[in-house]
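These notes are about the structure you will find just below.
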Amino acid sequence: MSQNTPTIIPRSEHPISRQQIDTDTLKVLYRLHRHGYKAYLVGGSVRDLLLGRQPKDFDIGTDATPNQIRKLFRNCFLVGRRFRLAHIRFAGNKVIEVATFRRQPEDSELPDNPDDHFHFVQNVFGTPAEDAARRDFTINALFYDIGDFSVLDFLGGMEDLKNKQLRSIGDPMIRFVEDPVRMLRAVEFAARLNFTIEPAIYTAIETHKELLATAAPARVREEIMALFRYKIAAPVLKHCRELGMLPHLLAGYPGTDEGISLLERIDQRTAAGTPIEESFAIAALYLRLFMDSCPPSPKTSIGEAIDKANKIIGPHCRYFSIASGIRHQAQELLIGCFRLARGRGLRGEKRYLHHPQTPKSLELFRLWSQVRSDLIPLAESWETALNNITEKKSSTVSQKIHSRKKRSPKKSAVKKTE
Ligand code: ATP
Ligand code: MG
């Protein structure tokens, strides 16, 4: 599987140019290299550059230890108690992450408590070959060497990039047991890059999908939010549903066709430039389930709706330790959609239209109405009502400014006479 000597792709045979690499990252790479250390660009950035995509961030791998890195850079801070990483800080809160090459430890080296394995595994130093082998997929294990501008391929990642193939490093039957989050990452990268997943990965998911429920919730939460940020929540969760992963990933999320269609609209909204908030994502995930459990009718009180909303998003928020502020916002969005779905002309409508959270709820309701077309007229009617209020507000503000301007010469006139 892993080779100790990589296939070296010289500068003339790959498209990565230094102009595409962030200048501060280049400075760090050069400084490490000048001091005799290996200095590689690693992970997602090499993959993205080879695919002609803009990397999200540039990570650096080196054979310098964290303390050696610290001695080279004045602006360096070692972070993490168990996971020692060097952060090199630059102007504008910019941080470049430098990690010492690591390896997968032997079973006998692992700590007794299995919960500590994930962090421990990340902290045993190794060679570049070992560092490549501990990664998840071959396309994520390519290195760009600043020493001669070549790409180092220990595991056949270049071939897989060419063939648009997602292949596990090592047997996925073993690698997914080691870290079940890799199953979700497989589906995620396939959707992001439009790659085919190798059959062995599918087989391993089929066998080990239940293990997703044992993964650290904080890591699953982070990957789920990454799906929303990368605008691929709909295709990935749909694929997870087809593969039977959903109940182990998001226990309370039903993933119905209608629910997935709503996520498609959310992805489009993010693609159009509205940053996704976690509260909005949670409300979108559970909107359909909430509406089913609490059918909007003038007879249902807001108190009942709050109760139902809590019951539905409560387990998710507890499991993922979501802060109460975010949970509260998600709940408000659901209640907002409930109010909107009950229809116009009910008591308290005027006050509700003035509520600062209402436009956000209407945004979600509007997206939902694109999936449930019977709701379109209602969504439009609310939109008109809300626009009228906003116009009124802004005209009152401009009137006030106008009248203040008119008054102001008098004031100065008074001052002059004083
Ligand atoms: P992105 O563009 O989303 O940042 P990425 O490939 O850089 O994609 P990260 O989550 O930032 O992904 O991780 C950086 C690198 O660390 C990956 O490219 C991969 O090599 C390695 N990695 C991340 N998560 C795992 C994991 N669960 N198991 C093994 N290796 C991992
Ligand atoms: Mg990354």
Side-chain angles (χ1 to χ4, degrees), residues 1-2 6 20-22 25 40-62 80 83 85 87 95-105 117-124 126 128-144 151-158 160-161 166-172 174-195 201 204-205 208 211-212 214-233 236 249 270 276:
M1 169 199 76
S2 169
Q20 296 167 288
I21 304 171
D22 162 75
T25 305
Y40 299 164
L41 213 53
V42 299
S45 56
V46 184
R47 174 199 69 219
D48 288 345
L49 289 173
L50 288 169
L51 288 171
R53 292 165 171 257
Q54 175 62 37
K56 192 186 68 180
D57 39 39
F58 294 91
D59 293 334
I60 294 176
T62 179
F83 186 23
L85 265 182
H87 275 184
V95 171
I96 293 177
E97 213 168 85
V98 185
T100 309
F101 299 131
R102 297 184 173 82
R103 70 176 164 86
Q104 175 76 31
H117 287 188
F118 184 76
H119 289 284
F120 184 83
V121 163
Q122 306 217 3
N123 281 303
V124 184
E130 289 167 331
D131 190 78
R134 76 170 173 97
R135 292 168 185 273
D136 46 6
F137 305 107
T138 58
I139 57 163
N140 287 347
L142 293 159
F143 300 151
Y144 171 85
V151 169
L152 309 183
D153 181 4
F154 287 93
L155 297 145
M158 281 303 257
D160 290 330
L161 268 188
L166 195 74
R167 218 156 46 83
S168 161
I169 294 173
D171 184 352
I174 298 168
R175 302 303 310 279
F176 293 175
V177 175
E178 247 169 44
D179 177 11
V181 176
R182 289 175 187 148
M183 293 187 257
L184 176 56
R185 285 174 61 88
V187 183
E188 181 183 331
F189 281 116
R192 253 171 82 181
L193 308 172
N194 200 15
F195 272 35
I201 290 183
I205 289 180
H208 292 304
L211 293 180
L212 277 165
T214 65
R219 294 186 54 226
V220 175
R221 174 186 178 189
E222 188 39 52
E223 294 290 343
I224 300 274
M225 277 317 293
L227 305 182
F228 280 95
R229 279 195 298 273
Y230 284 119
K231 308 141 233 167
I232 50 166
V236 172
L249 192 64
T270 317
I276 184 77

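Computed from heavy atoms alone, side chains included, the values below leave out hydrogens, waters and symmetry copies. Note that ligands are numbered from 1 as they come in the structure, with each ligand's atoms numbered from 1 the same way. Fair warning: this is a prediction, and the values are worked out from it, not measured in the lab.
With a 4.0 Å cut-off on non-hydrogen atoms, Arg135 touches ligand 1 through its backbone as well as its side chain. Counting heavy atoms under 4.0 Å from ligand 1, residue Arg192 touches it through the side chain alone. When heavy-atom distances to ligand 1 are checked against a 4.0 Å cut-off, Arg219 comes that close only through its side chain, counted from C-beta outward. Contact annotation: for Phe176 versus ligand 1, there are no heavy atoms closer than 4.0 Å.
Cation-pi check for Arg182 over Phe176 is not met; the charged atom does not lie both under 6.0 angstrom from the ring centroid and within 45 degrees of its normal.
Rounded to the nearest 0.5 Å, atoms CD (Glu223) and CZ (Phe228) are 13.5 Å apart. Interatomic distance, Ile169 CD1 to Thr138 OG1, rounded to the nearest 0.5 Å: 6.0 Å. Distance CG/Asp136 to CZ/Arg167: 13.0 Å, rounded to 0.5 Å.
Per-residue contacts place Gly43 under 4.0 angstrom from the following atoms of ligand 1 (heavy atoms of the residue considered): 18 (O). Against a heavy-atom cut-off of under 4.0 Å, Asp179 is close to the following atoms of ligand 1: 26 (C), 27 (N), 28 (N). Close contacts of ligand 1 with Gly44, meaning ligand atoms under 4.0 Å from a residue heavy atom, involve 5 (P), 6 (O), 7 (O), 18 (O). Applying the 4.0 Å criterion to heavy atoms of Arg182 picks out, from ligand 1, the atoms 26 (C), 27 (N), 28 (N), 29 (C).
The heavy atom nearest to atom 31 (C) of ligand 1, out of those in Ile169, Val42, Val46, Asp136, is found in Asp136. In this comparison of Arg185, Arg47, Gln54, the heavy atom closest to atom 17 (C) of ligand 1 sits on Arg185.
Leu142 is listed as a side-chain neighbour of Leu161, based on a closest heavy-atom distance under 4.5 Å.
In this structure a side-chain-to-backbone donor-acceptor pair under 3.5 Å is missing from Arg47 to Pro55.
Using cut-offs of 30° and 60° on the angle between ring planes, the pair Phe101 and Tyr40 is tilted.
Using 4.0 Å as the threshold, Tyr230 has a heavy atom nearer than that to some atom of ligand 1.
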